[in-house]
Peer 1: 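Pasting in a structure now, in structure tokens, and then I'll have a few things to ask.
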Amino acid sequence: MTRHTNRFRSSQIKKITNSFETEFEALILYNTFLTEQKPSYKKDIRHASNWIYDEHKDE
């Protein structure tokens with residue numbers, strides 16, 4: 001078995017720390033975090049997180 005200790009890049013951590021404006025020593029990512037950051041995931045309409053909700057048209 002291989003160990004996946006460094007599954008994220010330091011640039012991704014910097015983006016996250018800059019967005020929260022807080023510095024972290026460690027970051028524990030949830031299971032699909034890296035997948036959700038990919039452009040192909042963000043453009044895919046099959047994922048519910050990419051659906052647009054219009055409250056005014058909701059019946």
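Please read these numbers as outputs of a predicted model, since none were measured by experiment.
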Peer 1: Using the test ring-ring contact (aromatic ring centres under 6.0 Å, His included), find all partners of Tyr53 that sit at least two apart in sequence or belong to another chain.
Peer 2: none

Peer 1: Which residues pass the side chain to side chain contact (heavy atoms under 4.5 Å, CB included) test with Thr35, not counting sequence neighbours?
Peer 2: Tyr41

Peer 1: According to the salt bridge (Lys or Arg N to Asp or Glu O under 4.0 Å) rule, which pairs have a member within residues 35-45, sequence neighbours left out?
Peer 2: Asp44-Arg46

